[in-house]
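Notes for the one structure printed next.
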There are 2 protein chains.
Amino acid sequence: MTNDSGSETPGQPLSVDELSDRLRSRGLRVTGPRLVVYNTLAKQGGHRSADEVAAAITAAGPSLPRTSVYNALKALVDAGLADVVDAGPGTTLYEVRGESHHHFICRQCNALLDVPTEESVNGSLYSELPGARVESAQVILRGLCPDCAARPTARA
Amino acid sequence: MTNDSGSETPGQPLSVDELSDRLRSRGLRVTGPRLVVYNTLAKQGGHRSADEVAAAITAAGPSLPRTSVYNALKALVDAGLADVVDAGPGTTLYEVRGESHHHFICRQCNALLDVPTEESVNGSLYSELPGARVESAQVILRGLCPDCAARPTARA
DNA sequence: TCCAAATTTTGAATCTGTACAAATAATACC
DNA sequence: GGTATTATTTGTACAGATTCAAAATTTGGA
């Protein structure tokens, strides 16, 4: 699976102070694992699985139990500091919260690309469910990525 | 997990003949498991996991091996008779192919609701990735469902 | 500094989905 | 209809991802 975890979203990561404030403001404590996981995810950029984050942390020295990585990621998502990437069923991928964007998944090479959000589109997505409080919208585009589309081997 | 598999998509299911034709036209054979799985999924309506389908089949009498349900579901998806629901990472959910629609996931009760597609929105999603061949677009809305939004216990 | 509650840690259990190989059933063709 | 050819079905085994329970630590506030 070419998980192309490369395609990054700019939006500079938060400082430790900002990070701490965000956590506390949601009633969450500021802990080592949470800071390490956030910073690692931010440094890696793109879309990462819990295991990728754990591996990166281990590679950097300390090593954090897998369960702790899961816990920390959940806390970060709760605090709105990271997002679960909607890329279909399967392994859960996370990304540091930054500019709003959508995702494109290539059906041939499985590349996962970020797609900038057109405000106009994004706005119109919020008014379709009466009574509901829609807080976010993610769009999953599927098809052939530029590379695969250009390649003659592309299956129709 | 209140998986609200209830919200159904109209679009009446196909008859055995239509079903058979669709399968054969894709080079797939018409088999018992495929018909049972399709009919069960259609009768249940909404979004179902492989295990839910298996359980429903067992409850109805015959019982089909887990693996067979997975195989059948994959065949149905290949034949375009069913779709994998884009509802974020986790257990794969399937639904009988019907009217195009998107999904709303409640962050509090995990209800999964269908959202009618506005053609205008759907159309504008296809032109954002130069070079790519976009074949489909799914929108996942997240927030609080009407019920949870109305309830005072809703977390901000 | 001290305490109560929130988190982290460990290790194991679960839950999903997939891989394989043998047995079976669906088509194509005679 | 009868039969050869192959796609499918089955059953079992496995691998990976995520969750759980209980004990050990930490955090934030009194």
Side-chain angles (χ1 to χ4, degrees), chain A residues 1 3 5 16-17 19-38 40 47-58 62-79 81-82 84-94 110, chain B residues 1 3 5 16-17 19-38 40-41 47-55 57-58 62-79 81-82 84-94 110:
Chain A
M1 184 189 291
N3 216 350
S5 336
V16 176
D17 283 348
L19 202 58
S20 301
D21 287 346
R22 286 293 279 282
L23 285 169
R24 291 211 187 83
S25 74
R26 303 259 175 167
L28 296 171
R29 291 182 175 177
V30 179
T31 71
R34 289 172 183 172
L35 296 179
V36 174
V37 167
Y38 179 87
T40 302
H47 327 92
R48 306 291 175 172
S49 67
D51 271 346
E52 285 180 304
V53 174
I57 292 174
T58 298
S63 172
L64 204 57
R66 260 176 326 151
T67 304
S68 296
V69 175
Y70 279 103
N71 288 338
L73 285 170
K74 175 178 290 188
L76 293 174
V77 171
D78 282 349
L81 297 167
V84 166
V85 177
D86 275 318
T91 305
T92 303
L93 298 178
Y94 302 83
N110 281 309
Chain B
M1 185 187 292
N3 217 349
S5 336
V16 176
D17 282 349
L19 202 59
S20 300
D21 287 347
R22 286 291 279 281
L23 285 169
R24 292 214 183 81
S25 73
R26 305 258 175 164
L28 296 171
R29 291 181 176 176
V30 179
T31 71
R34 289 171 183 172
L35 297 179
V36 174
V37 168
Y38 178 87
T40 301
L41 186 59
H47 328 90
R48 306 291 175 170
S49 68
D51 272 347
E52 285 181 306
V53 174
I57 292 175
T58 297
S63 172
L64 206 57
R66 223 163 47 97
T67 305
S68 296
V69 175
Y70 278 101
N71 288 339
L73 284 170
K74 176 180 290 188
L76 292 175
V77 171
D78 282 348
L81 297 167
V84 167
V85 178
D86 272 317
T91 305
T92 304
L93 298 178
Y94 301 84
N110 282 309

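First the proteins, then the strands, lettered A, B, ... as listed; each starts at 1. Because the structure is a prediction, the values reported are computed rather than measured.
If you find the closest nucleotide of DNA chain D to B:Arg29 and to B:Asn71, the one lying nearer the 5' end belongs to B:Arg29. Residue B:Ala50 is the one, among B:Val30 and B:Ala50, whose nearest nucleotide of DNA chain C lies closer to the 5' end (criterion: closest heavy atom). Nearest-nucleotide positions on DNA chain D place B:Leu28 closer to the 5' end than the other of B:Leu28 and A:Tyr70.
Residue contacts shown for A:Arg34 are limited to sugar-phosphate atoms, with no base heavy atom under 4.0 Å away. At a threshold of 4.0 angstrom between heavy atoms, the contacts of B:Thr91 are confined to the sugar-phosphate backbone, with no base atom among them.
A:Tyr94 and A:Val85 make their closest contact through C-CG2, 4.0 Å (heavy atoms, listed as atom of the first residue, atom of the second, distance).
B:Asp86 is not listed as a side-chain neighbour of A:Asp86, based on a closest heavy-atom distance of 4.5 Å or more.
Here B:Arg24 reaches the OP1 or OP2 of C:dT27: one of its side-chain N or O atoms lies under 4.0 Å away. In this structure, B:Thr31 does not reach the C:dA25 phosphate: none of its side-chain N or O atoms is under 4.0 Å from OP1 or OP2. Phosphate contact (OP1/OP2 of D:dT18, side-chain N/O of A:Thr92, threshold under 4.0 Å): present.
A:Thr40 places a side-chain N or O within donor-acceptor distance of the main-chain N or O of A:Val36, the cut-off being under 3.5 Å. At least one donor-acceptor pair closer than 3.5 Å links the side chain of A:Arg34 to the backbone N or O of A:Arg29.
The distance from atom CG of B:Leu35 to atom C1' of C:dA26 is 12 Å, rounded to the nearest whole Å. Distance A:Arg26 CZ to C:dA6 P: 18 Å, rounded to the nearest Å. Between B:Glu52 atom CD and C:dG17 atom P there is a gap of 11 Å when expressed in whole angstrom units.
When distances run from any side-chain atom of B:Ser68 to the nucleotides D:dT9, C:dT9, C:dT18, the shortest one goes to D:dT9. Considering only side-chain atoms of B:Arg66, the nucleotide from D:dT9, C:dT16, D:dA17 that sits closest is C:dT16.
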